[in-house]
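Please read the structure below before turning to the comments.
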Amino acid sequence: MLRTHTCGELRQSHIGSTVSLCGWVDTIRDHGGVIFIDLRDQYGITQVVFHNQAVMEGVGTETVIRAVGTVMPRENEAVNEKLATGSVEVHSCAPEILGPCKNMLPFEIDLSHHTREEIRLKYRYLDLRNEKLHSNILMRSKIISFLRSQMEALGFVDLQTPILTSSSPEGARDYLVPSRVHAGEFYALPQSPQQFKQLLMVAGFDKYYQIAPCFRDEDARGDRSPGEFYQLDFEMAFATQEDIFQIGETVLYNTFKAFTNKKVSPAPFRRISFADSMLHYGTDKPDLRNPLVINDLTDFFATANFPLFKGKAVRGIVANCSGQSRKFFDGAESAAIALGMKGLGYLTYTEGTFKGPIAKFLTPDEQAKLILEENIKSGDTIFFICDSKEIVSSLAGGVRRWLGEELALVDHDSFEFCYIVDFPMYEYNVEERKIDFTHNPFSMPQGGLEALNTLDPLDIFAYQYDIVCNGIELSSGAVRNHSPEIMRKAFEIAGYGEEEIKTKFGAMYTAFQYGAPPHAGMAPGVDRIVMLLCGEETIRDVIAFPLNGSAQDLMMGAPSPVTDSQLRDAHIYVSKI
RNA sequence: GGCCCGGUAGUUCAGUUGGUUAGAACGCUAGCCUGUCACGCUAGAGGUCGUGGGUUCGAGCCCCAUUCGGGUCGCCA
């Protein structure tokens, strides 16, 4: 037996017993006649004491050693309150080296988060020894386990779908895998199990879920891995949008509640229409921790005698800025300019009057109307965002974010969930001068075939929804279009014929002609859930072996060249330059 | 692909108007130390200033090109 106890295990009850500990040397404190080692493993740290400098030969930090010795008490001031094992220590004659360590590490383990990512990723196994990162990965495991147990408890069954599948022509760029057997043909890695899970519904599997790997060849972001990521993918037969919402908010609320002490907005999550979200928060990913709300002042300024805003889209944000310095307002203007605005108009309301250059353009009646409609109180400032209707929302959203942070209105100790609903089914593509699907062609239009036949396509909503938490899109989902007839019509409006459907989604389109149940689902992103719960800013800090921003594995050296013979097998012929 | 920021010791950084031998902290090595727990003290090693060119009497610093990172927009049905 290599070890009798872990490094987090020993307590006063073990005093007097002979134990064997194994682990990494965390720190060495050499006092000449007495040497202290903090021995570390996944479970904790135990102080081991040696009394002979000579036995320390070859033992440096991060060396893996085994120490056999006696558990001794630590008296009074020798007790280390910071360690769970701090009331005892192990007295050992000599360490046994199990895994020597080069005496110059590429970076210090406990300071790895200060080290540039390129080096951390190359020596990822060292970085993963860092306490925070290590605990993130353990937390990820626990969260995934918890998600599974909840899904199972709700009657969902875990089913695997293929990794080698066919390329789907829409959406993100595919990762292609050349076929050896079929020269010139390719598999693709799935961007999501979308079509397979829908086919499982047709096959009569009632409730499906999977912690599904998804592959997309798109560039990275702080909250988006390049290459691959995981989703809690699920789908239900005979489900309405509301059925899915209840599953989603139950599972996410329970999960967040189980893994954080911060406030979590309870189910039912707020339902906000896409249009309202764009208007009042300036984004389809609202951060509801920020209490500020954007209002539409376009109509107000349409009649007011202020030439700069007349005939344009205008938004207003009311915030209490009493006590704010000139520097704050200058900062607000700089932020607005950084967003691409020409400036930032505002009026401050104190002692019954508006102050600010715009005030003189508004009649007393108009001022009174503004105060009433925007519920302006003494000490409030109303900021105006004015631009074309295409971009005014996102500009207002940027100003809202800035004000929320600068005025410290964002509650960083809470998770605020909402559903964004009623996404438009179609949008107008200005460049190609045609109508396009806004999201994906799998969603059921609200109102079904009748809506497609009678309404202006741009007025039709889809049963398409997102879950957003603290400004981060955690999930999207939809009630699927399971009707070949509605599908044909939906594609026709976007300018595609039946042939197009058969080419792109042949298996599913055919399957739907053999008795398809209505079905719906969603797929919350596992990495983002873990990132939020670990309080991390980048998704790489919750993935054991992430790719870097350029989709490379710096540790394994992927992607990499392969041999000519491998290329021949794959029927790939690269011209040598 | 566009834009912004960066690359100086193993790591994180400083480096003045272009001027003698490029510094600090941590880490590493050696020595001293029997109660530390981020131990302490003393000494030491460690640099092609990302790469290539240019300007100059002289370049870490200025100019051009290039490369590698990070962020962001595009992209992400």
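Sequence lines set the chain letters: A, B, ... in the order given, protein chains first and strands last, and positions in each chain run from 1.
- Between the CD1 atom of I37(A) and the C1' atom of rA38(B) there is a distance of 16 Å, given to the nearest Å.
- The side chain of N80(A) sits closest to rC37(B) out of rC76(B), rC37(B), rU11(B).
- Of all the residues in residues 51-76 of chain A, Q53(A), T61(A), R74(A) reach under 4.0 Å from RNA chain B with at least one non-hydrogen atom.
- Side chain R29(A) to base rC33(B): no donor-acceptor pair is found below 3.5 Å.
- One can place CD of E117(A) at 12 Å from P of rG69(B), the figure rounded to the nearest angstrom.
- Taking the centre of each ring, Y175(A) and F215(A) stay at or above the 6.0 Å mark.
- Taking the P atoms as reference points, rG6(B) lies 23 Å from rG10(B), given to the whole Å.
- Considering only the side chain of A78(A), rG35(B) comes nearest among rU11(B), rG35(B), rG70(B).
- Here F36(A) lies parallel enough and close enough to stack on the base of rU36(B), with planes under 30° and ring centres under 5.5 Å apart.
- Using atom P as the reference point in both rC64(B) and rU55(B), the two lie 15 Å apart (nearest Å).
- Donor-acceptor pairing under 3.5 Å is lacking for the side chains of D541(A) and N136(A).
- Base pairing of rG19(B): its partner is rC57(B), meeting the Watson-Crick or G-U wobble criterion (both donor-acceptor distances under 3.5 Å).
- Taking atom CG on D219(A) and atom P on rC73(B), their separation rounds to 12 Å, with Å as the unit.
- Contact between the side-chain N/O atoms of R540(A) and the OP1/OP2 oxygens of rG71(B) is found at a separation under 4.0 Å.
- One finds no side-chain N or O of S112(A) lying less than 4.0 angstrom from the OP1 or OP2 phosphate oxygen of rU11(B).
- Counting any heavy atom pair closer than 4.0 Å across all strands shown, H91(A) reaches a base atom.
- Proximity of the aromatic rings of F50(A) and H91(A) is defined here by a centroid distance below 6.0 angstrom, and this criterion is not met.
- Aromatic pair Y419(A)/F245(A): centroids less than 6.0 angstrom apart.
- Residue N548(A) places no side-chain atom within donor-acceptor reach of the base of rG69(B), judged by atom type and a 3.5 Å distance cut-off alone.
- Applying the salt bridge (charged side-chain N to carboxylate O under 4.0 Å, His left out) test to residues at least two apart or on different chains, the pairs with a partner in residues 96-107 of chain A are R66(A)-E96(A).
- With rounding to whole Å, I119(A) atom CD1 is found 18 Å from rG27(B) atom P.
- Side-chain N/O atoms of Q47(A) and base N/O atoms of rU36(B) include a donor-acceptor pair closer than 3.5 Å.
- Among the candidates D217(A), T165(A), L164(A), L176(A), the single residue satisfying the side-chain contact (heavy atoms from CB on, under 4.5 Å) test with L189(A) is L164(A).
- Checking the phosphate oxygens (OP1, OP2) of rC28(B), no side-chain nitrogen or oxygen of K102(A) falls inside 4.0 Å.
- Base pairing of rG6(B) is made with rC68(B), judged by Watson-Crick or G-U wobble geometry with both donor-acceptor distances under 3.5 Å.
- A donor-acceptor contact closer than 3.5 angstrom is absent between the side chains of D422(A) and Y465(A).
- The existence of a salt bridge linking D219(A) and R224(A) is excluded, since no basic side-chain nitrogen approaches an acidic carboxylate oxygen closer than 4.0 Å.
- Residue F505(A) is tested with Y496(A), F512(A), F442(A) for a ring-ring contact (aromatic ring centres under 6.0 Å, His included); the sole match is F442(A).
- Comparing the C1' positions of rC3(B) and rA22(B) gives a spacing of 33 Å, expressed to the nearest Å.
- Residue contacts for L83(A): at a heavy-atom cut-off of 4.0 Å it reaches no nucleic acid atom on any strand shown.
- Pair assignment for rG46(B) gives none, since no Watson-Crick or G-U wobble pairing has each distance under 3.5 Å.
- Nearest-nucleotide assignment on RNA chain B puts the 5′-proximal partner with M104(A), out of M104(A) and Q195(A).
- Residue I28(A) contributes atom CD1, which lies 13 Å from atom C1' of rG27(B) at whole-angstrom precision.
- Contact check on E500(A) versus R488(A) returns no salt bridge, with no Lys/Arg side-chain nitrogen under 4.0 Å from an Asp/Glu carboxylate oxygen.
- Nucleotides of RNA chain B nearest to V34(A) and L554(A) differ in position, and the one nearer the 5' end is that of V34(A).
- Residue contacts shown for H114(A) are limited to sugar-phosphate atoms, with no base heavy atom under 4.0 Å away.
- To the nearest whole angstrom, the two P atoms, one in rA14(B) and one in rG7(B), are 8 Å apart.
- Residue-level contact check: R120(A) touches neither bases nor backbone, having no heavy atom under 4.0 Å from any strand.
- Summarising the geometry, the separation between CG on L547(A) and P on rG69(B) is reported as 13 Å, rounded to the nearest angstrom.
- When both distances must be under 3.5 Å, the Watson-Crick or G-U wobble mate of rG74(B) does not exist.
- Pairing of rG40(B), defined by two Watson-Crick or G-U wobble distances under 3.5 Å, is identified with rC32(B).
- The separation of rU20(B) from rC39(B), taken at their P atoms, amounts to 39 Å, rounded to a whole angstrom.
- Taking atom CG on N103(A) and atom P on rG10(B), their separation rounds to 14 Å, with Å as the unit.
- Remark: the S277(A) side chain and the D284(A) side chain contain no N/O donor-acceptor pair separated by less than 3.5 Å.
- Between the side-chain ring of H31(A) and the base of rC39(B), a stacking contact exists by the 5.5 Å and 30° definition.
- Distance, D110(A) CG to rU11(B) C1': 11 Å, rounded to whole Å.
- Within the nucleic acid shown, D38(A) comes within 4.0 Å of sugar-phosphate atoms alone, with no base atom in reach, counting heavy atoms only.
- Across rU72(B) and rC49(B), the matching C1' atoms stand 29 Å from one another, rounded to whole Å.
- Contact of R116(A) with rG6(B) (side chain to base): no donor-acceptor pair of N or O atoms is detected under 3.5 Å.
- Of all nucleotides listed (rC68(B), rC73(B), rU12(B)), rC68(B) comes nearest to the side chain of E118(A).
- Atom name P, nucleotides rG46(B) and rA24(B): the rounded distance is 14 Å, in whole Å.
- Closest approach to the E218(A) side chain among rG35(B), rG74(B), rC76(B) is made by rC76(B) (side chain taken as heavy atoms from C-beta onward).
- Taking the C1' atoms as reference points, rG18(B) lies 8 Å from rC62(B), given to the whole Å.
- One can find a donor-acceptor pair under 3.5 Å joining the base of rC76(B) and the side-chain atoms of R224(A).
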